[in-house]
**Student:** 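Mind having a look at this structure? Questions to follow.
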Amino acid sequence: MIKINEQLRKYFVTISILSIAFITITSNISINYFFSGYIRDSRKRDDLKVVEYVESVYSDYEELNFQSLMNIMHYAFSEDVIIQIRDKNNNISWNSSKFGIMYGLIDEYSNDEENFLFRSYPFRYNESQVGTIDVGRPRSIISNIEDEKFIIIINSIFVAASILTLIIAIRSSTQISKKFLNPIFKIKENAKLIEQGKYKILNDVHTNTFELHELSVSVQELAERLNYQESLRKRMTTDIAHELRTPLAAIQSHIEAFIDGVWEPNDERLSVIHGEIIRLTKLINELSELSIVEENEINLKLSKVDISATLNDIMDSYEPMFLDKNISLNKNIQNDINMMGDIDYLKRIFVNILSNSIKYTNENGSVSVSLEQINDKIRIIVKDTGIGIPKEDLKFIFERFYRSDISRNRHTGGTGIGLTITKALVEAHEGTIKIDSEVGKGSRVIIEFNK
Ligand code: ADP
């Protein structure tokens with residue numbers, strides 16, 4: 001495994017070296033190719049001038065005598081070329097370089113095939129060819145000292161540029177890695193803290209890079225979620241212990257009193273035990289339901305449900321309980337409202353809300369249930385004139401085991417799980433549930449589903 005900063009430096013340096021090498025090679029090739037092409041053409045033009053000169057000298061003297069050859073040699077000298085004349089049989093009859101040595105005008109013979117490139121042109125006089133003129137020039141454009149210098153300068157500039165680019169590449173790789181790596185290191189530390197269960201002391205990550213910001217936010221959210229899950233798990237255990245302890249303690253104290261002969265098991269006392277056992281059974285049933293909804297394992301068996309008929313049926317079955325407490329039940333149910341849903345779960349939702357309204361409404365109170373469709377929304381409102389829920393409790397009302405203090409004081413036999421399940425079931429149907437309430441005046445539960 002290589003660290004990111006080392007990896008980045010390696011890439012930067014490699015890319016810089018490759019680009020400089022590429023630029024150097026292509027520049028050298030193009031200089032040689034284009035420049036030598038240009039030189040070739042201009043040399044040919046110059047060669048033709050030389051040929052023209054030789055021909056004009058020949059036509060002036062009508063032969064190649066000492067004077068004419070002297071003129072040609074001087075010309076060759078001044079033009080920096082070697083002129084060689086061949087006769088009709090292709091034998092070399094004269095060479096400016098050799099002629100120059102012969103007469104002490106130059107020091108060394110430079111008619112060197114390796115260094116000089118000879119081009120041949122027909123030697124014409126009076127419209128007919130009398131021989132061949134060879135014009136020799138340095139073979140390579142860069143064999144010329146000036147050209148060589150030019151190439152050396154160009155390549156030195158490339159070397160200097162390479163060194164500068166390498167320094168810039170190394171420095172910028174350090175800076176770039178700092179810019180990206182600092183937040184990444186912080187996010188990595190945060191992940192480590194999450195791994196150790198330290199959700200609350202995560203580092204703040206400052207970055208203006210969108211993806212890194214998103215990543216850091218996701219990690220923070222993950223920590224919050226895990227923290228919430230963990231506290232939920234811890235609370236769940238204490239909550240269950242607490243909920244089980246109360247009925248079990250009541251049963252235990254009653255039975256101990258029977259055993260010790262302190263109390264006779266009469267109907268009233270047995271019905272207290274019976275009530276606590278029912279409460280325990282209800283609690284256990286609700287707990288298993290709760291585990292289903294909290295694990296997000298709600299499997300909806302979808303079918304077209306006639307909400308109007310379902311609500312009417314449930315209210316009819318609850319009528320005796322309303323009568324029992326002398327609570328008036330007002331219905332305002334729009335007919336033929338249908339939606340896709342799980343009939344059992346929908347019934348469970350309505351039963352929970354309706355039974356709460358009975359449980360928490362005093363005798364002679366009233367409950368009104370309305371069902372209406374507004375555009376593509378189905379809205380169910382259950383309103384009671386019950387004890388109400390204190391404002392500070394409202395935000396916790398959907399949390400499991402939560403019961404407002406007022407309801408705790410009343411012996412409703414509630415477990416505080418019903419609304420948690422109800423909310424999960426409503427949300428499984430992609431609906432919403434909210435409760436408005438005022439202590440002493442009553443509560444209003446509003447459920448909305450999409451048609
Ligand atoms: P419970 O089994 O205790 O009724 P729920 O989850 O159904 O559990 O309700 C949670 C708590 O919300 C109740 O204990 C009660 O304090 C409060 N609550 C629910 N519905 C009403 C209502 N209609 N009027 C007053 N309080 C209510």
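Computed from a predicted model, the values in this text were never measured in an experiment. Just follow the structure's listing: the first ligand is 1, and inside any ligand the first atom is 1.
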**Student:** Using a 4.0 Å cut-off to any heavy atom of Ser443, which atoms of ligand 1 qualify?
**Tutor:**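 Close to Ser443: 22 (C), 24 (N), 25 (C).
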
**Student:** Give the atoms of ligand 1, by number and element, whose distance to some non-hydrogen atom of Ile417 is under 4.0 Å.
**Tutor:** 6 (O), 8 (O)

**Student:** Hey, could you give me each pair passing ring pair (Phe, Tyr, Trp, His ring centres under 6.0 Å) that has a residue in residues 244-293? Not counting sequence neighbours.
**Tutor:** His254-Trp263

**Student:** Of Asp384, Thr361, Leu283, which has the heavy atom at the shortest distance from atom 23 (N) of ligand 1?
**Tutor:** Asp384

**Student:** Evaluating non-hydrogen atoms only, which member of Leu394, Ile358, Ile397 is closest to atom 17 (C) of ligand 1?
**Tutor:**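 Going through Leu394, Ile358, Ile397 one by one, Ile397 has the nearest heavy atom to atom 17 (C) of ligand 1.
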
**Student:** May I ask you to check whether Tyr360 has an N/O atom sitting below 3.5 Å from an N/O atom of ligand 1?
**Tutor:** yes

**Student:** Side chains of Asn326 and Glu363: any donor to acceptor distance under 3.5 Å?
**Tutor:**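 No pair is found: no donor N or O on one side chain lies under 3.5 Å from an acceptor on the other.
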
**Student:** Using the side chain to side chain contact (heavy atoms under 4.5 Å, CB included) definition, which of the options Ile25, Ile163, Ile23 pairs with Phe158?
**Tutor:** Ile23

**Student:** Using distance alone, decide if ligand 1 has a nitrogen or oxygen within less than 3.5 Å of any nitrogen or oxygen in Leu419.
**Tutor:**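 Between Leu419 and ligand 1 (N or O atoms, distance only) the closest approach is under 3.5 Å.
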
**Student:** So which atom in Ile337 and which in Glu372 form the shortest heavy-atom distance, rounded to 0.1 Å?
**Tutor:** CD1-C, 3.7 Å

**Student:** With atoms numbered from 1 as shown, which atoms in ligand 1 lie under 4.0 angstrom from a non-hydrogen atom of Ile389?
**Tutor:**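 Ligand 1 atoms under the 4.0 Å threshold to Ile389: 18 (N), 25 (C), 26 (N), 27 (C).
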
**Student:** Can you confirm whether the side chains of Asn312 and Lys331 place a donor and an acceptor under 3.5 Å from each other?
**Tutor:**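 Lys331 and Asn312 do not have a side-chain donor-acceptor pair below 3.5 Å.
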
**Student:** As an exercise, identify every atom of ligand 1 less than 4.0 angstrom from a heavy atom of Ser404.
**Tutor:** 16 (O)

**Student:** Just to be sure I'm reading this right: ignoring hydrogens, which of Val439, Val367, Asn356 gets closest to atom 7 (O) of ligand 1? Compare them by their nearest heavy atoms.
**Tutor:**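 Nearest option to atom 7 (O) of ligand 1, by heavy atoms: Asn356.
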
**Student:** Under 3.5 Å, is there a donor on one side chain and an acceptor on the other for Asn208 and Lys179?
**Tutor:** yes

**Student:** When you compare the side chains of Tyr360 and Asp384, does any donor N or O come within less than 3.5 Å of an acceptor on the partner?
**Tutor:**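 Checked: Tyr360/Asp384 side chains show no N/O donor-acceptor pair below 3.5 Å.
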
**Student:** Only heavy atoms of Lys359, strictly under 4.0 Å: list the atoms of ligand 1 that pass.
**Tutor:**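 Under 4.0 Å from Lys359, ligand 1 has these atoms: 1 (P), 2 (O), 4 (O).
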
**Student:** Can you list the atoms of ligand 1 that are under 4.0 Å from a heavy atom of Gly416?
**Tutor:**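 Selected atoms, number and element: 1 (P), 2 (O), 3 (O), 6 (O), 8 (O).
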
**Student:** Does a donor on one side chain sit under 3.5 Å from an acceptor on the other, for Ser308 and Asp336?
**Tutor:**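 Asp336 and Ser308 do not have a side-chain donor-acceptor pair below 3.5 Å.
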
